[in-house]
Amino acid sequence: MSNTGLPAAPNRLTWLKSGLLWRTFFLLAFLIATSMAAWVASFQIVERTPRANQIAAQVVSVVTITRAALTHSAPDSRRELLFDLASNEGIRVYPLEETDEVVPPEDSALMPVIESSVKASLGKDTKFAGVVNDVAGFWVSFKIDDDEYWLMLERDRIERASGIQWLGWGTVTLLLSLLGAVFISRLINQPLAHLTAAARAIAGGHQPAPLAETGPIEIKEANRSFNQMVDDLNRIESDRIVILAGISHDLRTPIARMLLEVEMANLTVDAKQGMHTDLAQMDAIIGQFLDYARPTEAANFAYVDLSGLLNDAVQDARRMQNVHIKATIAEQIGVNGNAIEIKRVIVNLIENARRYGKTGETEIVNIEVSCRREENQAIIEISDHGTGIPGAELDRLLRPFTRLDSARGQANGAGLGLAIVDRIIKRHQGTLKLANRHVGGLLIKIALPLSSS
């Protein structure tokens with residue numbers, strides 16, 4: 001049986017496009033990442049000159065102290081002095097030769113400022129290198145009398161933090177910030193998610209638990225207003241059911257009196273038959289009112305043999321004139337519920353198909369009934385081969401007191417048939433959907449939770 005006309009499955013990325021939690025999270029993450037990038041860039045720009053001057057002062061101090069130590073030390077103790085400087089301070093001194101293979105220092109934003117400051121203190125002839133004779137380090141030249149020397153410092157003494165260190169610090173900070181963003185997003189989204197779930201429960205005909213009236217003033221007021229709205233709706237629904245049941249019950253007394261008067265009146269057979277028909281129609285409408293107003297307690301639900309109940313309804317319908325029914329009903333399908341109400345649903349839908357599902361100009365009605373398992377649900381489908389319903393009217397047809405004026409609207413009634421069916425299905429935690437078949441006719445699909453028994 002075709003399911004054409006039923007809603008398509010939602011896009012899997014809908015949560016990413018419309019979910020408030022993820023929107024808030026990604027917005028906070030973007031703002032945090034942008035702020036961190038701007039802070040790092042600003043810090044590097046502001047810190048550049050002071051840091052370069054500090055490094056230059058450190059280099060000048062080391063060179064000056066080393067030159068003074070070498071100048072004032074005894075010639076026979078210089079070798080020992082150089083060894084101590086290399087092993088304890090990481091300072092190496094080499095003679096500067098013209099044959100040295102020199103590689104300039106790496107270009108960076110700090111080097112021009114460092115070179116300028118060092119040359120201002122040590123002299124314009126001071127040379128700098130990043131690699132000398134394949135030995136990497138921070139190389140600076142100085143003079144003792146007419147001799148030139150290289151002084152090499154380890155890069156760690158010059159470069160405080162490498163790019164990898166900055167990346168590590170930034171990654172840790174970003175991860176901590178993202179965890180904070182998740183916490184803030186959930187803090188904002190959770191009350192709204194509860195409100196959405198409660199509103200969805202109301203729309204599905206269920207009674208939600210009261211929302212917690214705590215938290216920020218805006219959330220507290222929204223939850224308080226929603227709870228008040230739910231109480232008002234329950235009170236209105238209760239009053240409406242009581243009034244509807246009371247009026248319907250009171251109307252049956254004068255109808256019974258009128259039936260008795262018709263029997264006793266001196267009327268022709270045709271007149272009596274017409275009045276009996278009108279009064280029976282009125283009694284049927286009142287019966288619909290009572291069915292719609294009748295409450296059902298979930299506590300009274302029991303195991304219902306849905307397969308057997310459907311087979312019985314199909315056998316009863318096959319006795320009707322000009323009705324052809326094709327049934328495909330899986331065995332041993334059971335649900336929890338009220339057997340009488342579920343039977344009323346099936347009978348109403350088959351009767352609805354019998355009245356409005358005639359094929360063409362003939363009086364023959366072809367009805368298809370199926371029942372199957374889908375995961376943890378029992379799926380019932382009842383369809384006919386009539387003219388169907390305009391697409392814009394499908395949802396409206398489930399509202400109480402709604403009737404169409406077209407081919408499906410010639411029946412006598414109050415427009416409560418499908419509303420009663422929808423109400424009963426919702427009481428049983430199920431769903432009811434209407435759709436037009438692509439080959440013509442109406443498809444009614446019911447999904448009920450399977451029994452765990």
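These figures come from a predicted structure and were not determined experimentally.
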N/O donor-acceptor pair under 3.5 Å between [X] side chain and [Y] backbone:
| X | Y | result |
| --- | --- | --- |
| H385 | V439 | no |
| S307 | I333 | yes |
| D384 | G441 | no |
| S116 | P112 | no |
| D312 | L309 | no |
| S451 | N336 | no |
| N223 | E213 | no |
| N133 | E101 | yes |
| S225 | E221 | yes |
| T126 | G123 | yes |

Working to the nearest 0.5 Å, report the span between [atom1] of [X] and [atom2] of [Y].
| X | Y | atom1 | atom2 | result |
| --- | --- | --- | --- | --- |
| K433 | E381 | NZ | CD | 11.0 Å |
| I346 | E341 | CD1 | CD | 12.5 Å |
| K127 | F142 | NZ | CZ | 12.5 Å |
| I236 | D231 | CD1 | CG | 11.0 Å |
| R224 | T214 | CZ | OG1 | 10.5 Å |
| D147 | L70 | CG | CG | 11.5 Å |

Salt-bridge criterion met for K426 and D422 (N-O under 4.0 Å):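 Yes, this pair counts.
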Salt-bridge criterion met for E331 and R373 (N-O under 4.0 Å):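 No, this pair does not count.
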Testing the basics here: between [X] and [Y], what is the closest heavy-atom pair and its distance to 0.1 Å?
| X | Y | result |
| --- | --- | --- |
| L432 | I425 | N-CG2, 4.2 Å |
| G430 | L448 | CA-CD2, 4.0 Å |
| L442 | A435 | CD1-O, 3.5 Å |
| D100 | P95 | OD2-O, 3.9 Å |
| G357 | V365 | O-CG1, 3.8 Å |
| N338 | F301 | N-CD2, 3.8 Å |

Side chain to side chain contact (heavy atoms under 4.5 Å, CB included) assessment of K143 paired with D125: CA-CA 9 Å; K143 287 184 178 182; D125 295 334; 4.1 Å; yes
So do the side chains of [X] and [Y] get within less than 4.5 Å of each other, counting heavy atoms only?
| X | Y | result |
| --- | --- | --- |
| K326 | N366 | no |
| S370 | R372 | yes |
| L122 | T64 | yes |
| H428 | V335 | no |
| L434 | L418 | yes |
| T431 | I446 | no |
| V345 | I380 | no |
| M152 | E154 | yes |

Step-by-step side chain to side chain contact (heavy atoms under 4.5 Å, CB included) determination, W150 to V102: CA-CA 11 Å; W150 284 114; V102 179; 4.0 Å; yes
Aromatic ring pairing W139/Y94, orientation class (parallel under 30°, perpendicular over 60°, tilted between):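 Geometry flag for Y94 against W139: tilted rings.
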L179 atom CG, neighbour heavy-atom count above 12 within 6.0 Å: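 For L179, atom CG is crowded (more than 12 foreign heavy atoms under 6.0 Å).
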Neighbour count above 12 (heavy atom, 6.0 Å) for I340 CD1: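 Not buried by this count: 12 neighbours or fewer within 6.0 Å.
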Side chain to side chain contact (heavy atoms under 4.5 Å, CB included) assessment of F128 paired with K119: CA-CA 10 Å; F128 299 89; K119 286 181 179 181; 3.8 Å; yes
Side chain to side chain contact (heavy atoms under 4.5 Å, CB included) between F226 and I202, intermediate numbers included: CA-CA 11 Å; F226 184 86; I202 288 289; 4.1 Å; yes
